[in-house]
Structure formats: C-alpha cells, structure tokens
Asker: 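I'd like to ask you about the structure that follows.
The chain is numbered in sequence order, starting from 1.
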Amino acid sequence: MHDKKKDLFSNVSEFARSGTQLTILEIGCGTGANFEFYPSGCRVICTDPNSNFPKYLQKSLAVNNHLTFDRFVVASGEDLGAIDEGSVDVVVCTLVLCSVSNRQRTLQEAHRILRPGGAFYFLEHVVADPSSWTYFFQHVLQPLWYYFGDGCEVTRATWKDLEASEFSDLKLRHIDTPFNFMIKGHIMGYAVK
C-alpha cells in the first residue's frame, strides 16, 4: 500500500494557495499512517472520534518532523462542527468511509470545510462486482466482519456516494490491493470543491 499512497498523495501540494502553508485535515487520522506522504512544511489537523489517539500520534509526529501539527479534534466525520467552513486546503479520508454511520454526511462535511478549489483525497475498500464469489462472501460474512472489524462494512459501493456528492471534479479509479479477498477491491483518488 506504500506505493499506492505515495501515488495518491503525489500532487497534494498543488492545492496550496499561493504564498500560504498547505493545510491538511485528516478525518479518522488514527496513528498518523499517512503523515509520511504529506509534503514538507504543511500544517496538519487531525480528527478522530477516539479520544485516546493523541498519545499514539506523538510517535508518528516525532518521526514525521517535516509536518507542522496544528491540533487534534475529537470528532466523527459526520460532525466536524469544530472546524470552520472553507478553512482547509485538503481533506484526507483513508479507510474511514467503511465505518462511518453516514457517508453522505461525511462527504458534505468535507465539502463544507474545504476552501473553494480545495481537494478531498480518499482511499477506501469497496464491495466487489455483484457477479463474483467475493461479493457473495462479503455479504454472507458482513455481520461477523462488522463485529470483529470495529464497525467496518465491506458491502459499501462508496464510489456511488462520491459520484453523487457536491464536488465539481472527481478523479476516481478502482484498484486491487494485496489484502485478502474480502477487501482486495479499493477506490482511490481525489475530488475538487
């Protein structure tokens, strides 16, 4: 996945406003696994509904000293009310839309906090083709996966939510990953406000 993320974030610096520091907000930042892919000198705001993550972030921030850590906000993707409208250049959401309660609301919040011309970056696993055995097993095993996967749903067609969202320009591609068959299919790309 390292190469996929490197590719995904390769143009993120293009969304910095002229003469200003790039501001990135990551929804569901977890332990900061994406930090190494962010451009040098950018400012990062981290959000996660789990209030225990800041202590784990410290390790990642120490290794990624090319970033300026702004703050940690305890918030779900559906409710980013603590973040001002139009205040960030880039919103990042990787492997989060599978477990939020409301994907459409999360995308609306991302759109709201982005400045005009800003971008929403995503990397998400998605449901398989309906004619495949994987699709069948995803639906049969979903209740167990949800329970053991901390609310993760493998039966989501997240690309449809992105296509129906308010973003003006969507760059989306379907990819296969080296993960097990249940979450092999992913989408990645970005959408511009």
Asker: Excluding sequence neighbours, so at least two apart, what forms ring-ring contact (aromatic ring centres under 6.0 Å, His included) with Phe137?
Answerer: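 So Phe137 forms no ring-ring contact (aromatic ring centres under 6.0 Å, His included) with any residue.
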Asker: Between OG1 of Thr155 and CG of Leu141, what distance do you get to the nearest 0.5 Å?
Answerer: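 One gets 11.5 Å once the value is rounded to the nearest 0.5 Å.
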Asker: Does the ring center of Phe167 lie less than 6.0 Å from the ring center of Tyr190?
Answerer: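 Ring centres of Tyr190 and Phe167 not closer than 6.0 Å.
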Asker: Is there side-chain contact between Ser99 and Asp150, with heavy atoms separated by less than 4.5 Å?
Answerer: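 Not touching, per the 4.5 Å side-chain cut-off.
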Asker: Answer yes or no: is there a side-chain heavy-atom contact under 4.5 Å between Ile187 and Arg173?
Answerer: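 Not touching, per the 4.5 Å side-chain cut-off.
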Asker: His66 and Tyr38: aromatic ring centres closer than 6.0 Å?
Answerer: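 Judged by ring-centre distance (under 6.0 Å), His66 and Tyr38 do not meet the cut-off.
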Asker: Sort and list the pairs that fulfil salt bridge (Lys or Arg N to Asp or Glu O under 4.0 Å) and have at least one residue in residues 20-47, not counting sequence neighbours.
Answerer: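 Passing the test, one end in residues 20-47: Arg43-Asp70.
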Asker: Does His111 have its ring centroid less than 6.0 Å away from the ring centroid of Phe120?
Answerer: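 Judged by ring-centre distance (under 6.0 Å), His111 and Phe120 do not meet the cut-off.
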Asker: Find out whether Phe9 and Val92 are in side-chain contact, i.e. whether some heavy atom of one side chain is under 4.5 Å from a heavy atom of the other.
Answerer: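 Yes, close enough: below the 4.5 Å cut-off.
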Asker: Taking all non-hydrogen atoms of both residues, which atom of Pro39 and which atom of Ile24 are closest, and how far apart?
Answerer: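 Reported closest heavy-atom pair: CD-CD1, 4.3 Å.
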Asker: In the structure I gave you, are the side-chain heavy atoms of Cys46 and Phe35 within less than 4.5 Å of one another anywhere?
Answerer: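 They are in contact (side-chain heavy atoms under 4.5 Å apart), so the answer is yes.
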Asker: So, are Lys171 and Asp169 salt-bridged, with charged N and O less than 4.0 Å apart?
Answerer: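 So Lys171 pairs with Asp169 through a salt bridge.
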Asker: Side chains of Gln138 and Val127: does their closest heavy-atom pair fall under 4.5 Å?
Answerer: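 Yes, side chains in contact.
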Asker: From Glu109 CD over to Leu25 CG, what is the distance, rounded to the nearest 0.5 angstrom?
Answerer: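 Taking CD in Glu109 and CG in Leu25, the distance rounds to 10.5 Å.
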Asker: Supply the atom-to-atom distance Arg71 CZ to Ile45 CD1, rounded to the nearest 0.5 angstrom.
Answerer: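 The CZ atom of Arg71 sits 4.5 Å away from the CD1 atom of Ile45.
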Asker: Just checking, any donor-acceptor pair under 3.5 angstrom between side chains of Asn34 and Thr94?
Answerer: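 Result is yes, a qualifying pair exists.
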Asker: May I ask you to decide if the ring planes of Phe53 and Tyr56 are parallel, tilted or perpendicular, using 30° and 60° as cut-offs?
Answerer: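 Rings of Phe53 and Tyr56: perpendicular, over 60°.
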Asker: Is there side-chain contact between Phe179 and Lys184, with at least one heavy-atom pair below 4.5 Å?
Answerer: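 SC-SC contact between Phe179 and Lys184 ruled out.
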